[in-house]
Participant: 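Supplied in C-alpha cells, the structure appears directly below.
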Protein chains: 2
Amino acid sequence: MPKTLPDFDLEHYLPYRFTVLAARLSAELAKSYKNDFGISMPEWRVLLNVGYSENPSIRDIERRVSLEKSKVSRAAAKLEAKGFITKQTDNSDRRLLKLALTKQGAELLSALIPIARSFQAQLDEILGAHEGELQHALDLLTEKLDD
Amino acid sequence: MPKTLPDFDLEHYLPYRFTVLAARLSAELAKSYKNDFGISMPEWRVLLNVGYSENPSIRDIERRVSLEKSKVSRAAAKLEAKGFITKQTDNSDRRLLKLALTKQGAELLSALIPIARSFQAQLDEILGAHEGELQHALDLLTEKLDD
DNA sequence: TTGACTTCGTTGCATATGAAACAAATAGTG
DNA sequence: CACTATTTGTTTCATATGCAACGAAGTCAA
C-alpha cells in the first residue's frame with residue numbers, strides 16, 4: 001500500500017455499504033423467486049407494483065421503483081406472456097398502458113408476499129430497537145435524493 | 001387492487017429500500033467515473049481494493065467486496081490493460097494472483113478518492129446526528145449476513 | 001389546421017452479467 | 001508415492017442490461 005494514497009474509510013463509505021448489503025439481501029430472495037417461481041427480480045418488483053397500485057402505467061412504475069423504463073417494459077412483457085398481468089391502453093391517454101393483475105398474478109403475488117414478510121421479520125429481529133432509526137435515516141436519504 | 005392480496009408495507013421493506021438507495025447513490029458516481037475517468041463501477045471497486053489491501057488476489061476481492069469472481073477477473077483484466085494495476089502470480093501458491101497498483105493506478109485512485117469523500121461528506125450532512133445509528137444498524141445486518 | 005415539440009412504451013444494438021465448464025495448481029488420502 | 005478432490009482464475013455461452021432511436025399519441029401555439 002503506497003504511502004502516497006489519501007486516507008479513505010471504505011468500511012463506512014455509504015454508497016459501498018448500501019450496494020453490498022442490497023446485493024446480499026436480494027441474492028437469496030432472487031434465487032428463491034427464480035427457482036421456485038420462475039420469476040426474476042425486475043418481474044417481482046413490477047408485479048408488486050401492479051398489485052399494490054391502481055392500474056399503474058410503465059412510467060408510473062419506472063418512477064416509483066427507480067427501474068429503467070426499458071427494464072419495466074421488458075419485465076411487464078414477460079409477466080404478460082406468463083399470464084400474470086394484463087396490458088390495456090388507457091382511453092383517456094392512449095399513450096399510457098394500464099397494467100392489472102390477472103387472477104393467476106394475484107395468486108402468485110399472494111404466494112410471494114409471505115416470503116418477503118418473513119424475510120423482513122428476520123431483519124426486524126436482527127435490528128431490534130435500532131430498526132426505527134434505520135428507517136428514519138433511510139427516509140432522510142431518500143427524501144434528499146428525490147429533489 | 002384486489003381485496004384478496006395480503007397486506008404488505010413496501011415502503012419499509014428493507015431489501016427494496018436498500019436496492020433503490022444503492023442504485024440511486026451509485027448512479028451519479030458511476031456516471032462521473034465513467035465519463036470523466038473511463039472506469040466502470042466494478043473497476044472502481046477493484047481498484048479501491050487493490051489500493052487499500054496488501055496485494056490482494058482475485059478471490060480476496062471477491063470475498064471482501066461481494067463481487068462475483070468472474071466480475072472481479074474481468075475488471076482486473078481491464079484495469080491491467082489500461083495500465084492501472086499489475087497481475088503477478090504468487091510464488092507461495094501459484095494459483096493465486098497478487099494484484100498491485102501501478103504508478104498510474106495510484107494517481108487515478110488519488111484523483112477518485114476526493115470525489116468519493118466529498119460525496120460521503122454530503123451524505124454526512126444530510127444524516128447529521130443520525131449517521132452513527134445508521135452505521136450501527138448496517139453493522140448489525142452485515143455481521144449477521146456474514147454467517 | 002398545421003407543424004414543432006414532448007411524452008410514452010418498445011426495440012435494436014453493443015456491452016455487461018451470472019453460471020457453468022475448464023485448465024492449472026494445490027491439498028488430502030490411501 | 002499415486003489418485004482423487006478442491007481451489008483459483010479465466011473463458012464460454014446464453015441472457016440481461018442501458019442507452020439511443022423509433023413510432024404513436026398528445027400538447028401547444030400560431
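Values reported hereafter were calculated over all heavy atoms of this structure, with side chains retained and with hydrogens, waters and symmetry mates removed. The sequence lines fix the lettering, A, B, ..., with proteins before strands; numbering per chain opens at 1.
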Participant: Using OP1 and OP2 only, check whether a side-chain N or O of A/R95 sits under 4.0 Å from C/dG9.
Facilitator: no
Participant: Please list all pairs passing the side chain to side chain donor-acceptor pair (under 3.5 Å) test where one or both residues lie in residues 98-109 of chain B, with sequence neighbours left out.
Facilitator: none
Participant: Nearest-Å distance, CG (A/D60) to P (C/dT7)?
Facilitator: 15 Å
Participant: Which of residues 86-94 of chain B have a heavy atom under 4.0 Å from DNA chain C?
Facilitator: B/D93, B/R94
Participant: Hey, mind stepping through B/V50 and B/I61 against side chain to side chain contact (heavy atoms under 4.5 Å, CB included) and telling me if it holds?
Facilitator: CA-CA 8 Å; B/V50 174; B/I61 297 177; 4.1 Å; yes
Participant: Between atom CG of A/L108 and atom NZ of A/K82, what is the distance when rounded to the nearest 0.5 Å?
Facilitator: 9.0 Å
Participant: Using the test side chain to side chain donor-acceptor pair (under 3.5 Å), find all partners of B/E131 that sit at least two apart in sequence or belong to another chain.
Facilitator: B/Q120, B/Q135
Participant: How long is the line joining CG of B/L96 and P of C/dT26, in whole Å?
Facilitator: 9 Å
Participant: Show your reasoning for whether side chain to side chain donor-acceptor pair (under 3.5 Å) applies to B/D139 and B/T142.
Facilitator: CA-CA 5 Å; B/D139 288 341; B/T142 303; 5.6 Å; no
Participant: So, taking the atom named OG in A/S53 and the one named CG in A/L99, what distance separates them when rounded to the nearest 0.5 Å?
Facilitator: 9.5 Å
Participant: Do other residues, nucleotides or ligands put more than 12 heavy atoms under 6.0 Å from A/N35 CG?
Facilitator: yes
Participant: Can you run down the ring pair (Phe, Tyr, Trp, His ring centres under 6.0 Å) pairs that involve residues 10-29 of chain A, sequence neighbours left out, and say none if there aren't any?
Facilitator: A/F8-A/Y13, A/F18-B/F18
Participant: Heavy atoms of chain B, cut-off under 4.0 Å: which first and last nucleotide of DNA chain D, 5' to 3', fall inside that, if you could look?
Facilitator: D/dT7 to D/dT12
Participant: Could you check whether atom CG of A/D9 has more than 12 heavy atoms from other residues, nucleotides or ligands sitting under 6.0 Å from it?
Facilitator: yes
Participant: Looking only at heavy atoms, what is the nearest atom pair of B/A106 and B/L101, with distance?
Facilitator: CA-CD1, 3.8 Å
Participant: Assign a letter to each nucleotide of nucleotides 11-21 of chain C from its 5' end: B, base within under 4.0 Å of a protein heavy atom; S, sugar-phosphate only; -, no contact.
Facilitator: BB---SBBB--
